[in-house]
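One structure is given here, and the rest of the page talks about it.
By convention in this document, chain letters (A, B, ...) are assigned in the order of the sequence lines, proteins followed by strands, and residues within each chain are numbered from 1.
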2 protein chains.
Amino acid sequence: MSTTNQQILHYGRNLLQCRGYNGFSYRDISQKLGIKNAAVHHYYPQKEDLVATIFEGIRQQFAEDTARMSGSGCSAREQLQYFFDFMLKEFDEGRNICPIGSLIVDFEELPDKVKEQHLLLMDDVLAWFSEVLKTGLENGEFKFSDPVDTRAEAILETLLGARQLASIKGRGTLERSISLIRSDLGWKDRPSGKRTY
Amino acid sequence: MSTTNQQILHYGRNLLQCRGYNGFSYRDISQKLGIKNAAVHHYYPQKEDLVATIFEGIRQQFAEDTARMSGSGCSAREQLQYFFDFMLKEFDEGRNICPIGSLIVDFEELPDKVKEQHLLLMDDVLAWFSEVLKTGLENGEFKFSDPVDTRAEAILETLLGARQLASIKGRGTLERSISLIRSDLGWKDRPSGKRTY
DNA sequence: TTACCTACTTCCTTACTAGTAAGTAAGGAC
DNA sequence: GTCCTTACTTACTAGTAAGGAAGTAGGTAA
C-alpha cells in the first residue's frame, strides 16, 4: 500500500507522460485517487511543484541506475540495452511518451522551475549517452564515424520521436527504431538466435 | 495583402506548430489580428474545423511539391534534400515543431476529424519517404541494409525529435541531425566543398 | 427598393483551470 | 486534557476556454 503522496506522484507522472504539462489537471489526479482537488494542493501547492518533483524523481532514478551499471562493469552494449529496455518497459506501463518529449511542446510557457529540471534531465541523458558511446567506440563494441556527441543527440531524438509515434502506432514502432539505432552503431542484430556480443 | 481567413490560417498554423492543439486559443489568433474572438468562429465554427483545414493545406502543399519534383526527374538525394530544406525553412520561419509532432502529445483527446487529418499526413510522408528511399537504394544513391519502410519510419522519428529538440537547443541540432541521417543512408557529406553526388 | 449575403461585433453561457482560505477529524506528544 | 501536526474537505475566487445567439454595417443582385 502506498501513501497518497506516492500515488499523486505516480498518477501525475503517468498523466504528464501521456498528455504533457497542460494536458492534465489536478482534477484528473484527485478524481483518480478519490480525494478532493485541494488535497493535491496540500502536497504540491502549485502545479510546478508537482512536476518539478516528478522530474527530480526521474533524474534520481536515472542517476542511480546508471551509476549501478557503471559500477558493476557492464559493457557499453549492455548499458545502452538497459536504456532501450527501460523505454520499452515505460511504454508497456502506459507512459506513452518519454519525460523529455512530454514537455517540449509546452516548453516556452513552462514555469522556470520546471524548465530547469527538464534541461537538467536532458543534459544528464545526453552526457550518459556520450559517455557510453565513447567507451563502446574505443573498445570496438560500436562502429561509427560521426562525433560522439552528435550521435548521442541523434539517438535521443530518434527515441523521443519513436516513443511519440509509438503512442499512436504501437509498440512495434519503438522496437523497430531501437533495432535501427543499434544497426547504425555497427551493432547488428543477428536475424535469429543470440546477439553478436 | 491577405484576407482575414488567410491570416487566421497563417497564425493558427504558427501557433499550432509552436504550442500544440491545446496550447493556443482563438483569443491568441483574434488578438494578433485585432479582431474579436467570435470573428474567428465565423470562419471556423469549431477549433477542430480550423486545425483540420490547416492540415488539409499542409497535405495539399506536400502533395504538390512531391508531385512536381517527381515529375521533373529529381534524383532521390535531391528529393530528400528538398524535405530537409523545407524543415529548416519552416524552423527559420518560427514554426518550431513539425505538424506531426505538434499534435502527438494531445493526440488521444483530439476530435476525430483532426486525428484523421493527422494520420493521413503521417501516411503521406511515410509513403513518400519509402518511395524515395527505395528508388535511391535501387540506383545506388543510398546504401543501407534495413527494410525501406523501417528506415523511412526512423527518418520521420529522428526529424520529429530533432525539430522538437531544436526548438529548445537551436537550429544546429536540426542541422546535425540531418547530417547524420544522410550519413546513415550511406550519403556522406564531404567535410568541405561539394557533396558527392 | 427590397432582399440577401458576407464579415464581422457585442453579449452571453457553460465548463474547467489553478489556486486560496477556513474549517475539521484523527493521532501523537507532553 | 490540551496542544500541535498531518491530512484532508468545503467553499470559494479569478481567469480562461470553447462556443452560441443576436445584431449590424456594407456591398450586391434582382
Not counting sequence neighbours, which residues clear salt bridge (charged side-chain N to carboxylate O under 4.0 Å, His left out) with B:Lys113? List them please. B:Asp49
Spacing of OG1 belonging to B:Thr158 relative to CD1 belonging to B:Ile181, to within rounding of 0.5 Å: 5.0 Å
Nearest 0.5 Å please: distance from the CZ atom of B:Phe84 over to the OG atom of B:Ser179. 10.0 Å
Check the pair A:Asp106 / A:Arg19 against salt bridge (charged side-chain N to carboxylate O under 4.0 Å, His left out), numbers first and verdict last. CA-CA 11 Å; A:Asp106 302 318; A:Arg19 303 198 219 153; over 6 Å; no
Polar contact flag, side-chain donor to acceptor under 3.5 angstrom, A:Gln17-A:Glu90: yes
Compute whether any side-chain donor of one residue and acceptor of the other, for A:Gln60 and A:Glu64, lie under 3.5 angstrom apart. yes
Under 3.5 Å, which donor-acceptor pairs do the side chains of residues 30-38 of chain A form with other protein atoms, sequence neighbours left out?
{"unit_1": "A:Ser30", "atom_1": "OG", "unit_2": "A:Tyr26", "atom_2": "O", "d": "3.1"}
{"unit_1": "A:Ser30", "atom_1": "OG", "unit_2": "A:Arg27", "atom_2": "O", "d": "3.2"}

Let's go through B:Asp92 and B:Lys89 carefully: what are the C-alpha distance in whole Å and the side-chain angles of both, what is the deciding distance for salt bridge (charged side-chain N to carboxylate O under 4.0 Å, His left out) to 0.1 Å, and is it a yes or a no? CA-CA 5 Å; B:Asp92 291 337; B:Lys89 182 168 155 268; over 6 Å; no
Between B:Lys47 and B:Phe24, the two heavy atoms sitting closest are NZ-O, 2.7 Å
Contacts satisfying ring-ring contact (aromatic ring centres under 6.0 Å, His included) that involve residues 120-157 of chain B (not counting sequence neighbours) are B:Phe62-B:Trp128, B:Phe83-B:Trp128, B:Phe83-B:Phe129, B:Phe142-B:Trp187
Positions of residues 42-54 of chain A (non-hydrogen atom under 4.0 Å from DNA chain D), listed by number: A:His42, A:Tyr43
Contacted region of DNA chain C by chain B, from 5' end to 3' end of the hits, cut-off under 4.0 Å to heavy atoms, spans C:dA7 to C:dT10
Residues within residues 10-36 of chain B bordering DNA chain C, heavy-atom distance below 4.0 Å: B:Ile35, B:Lys36
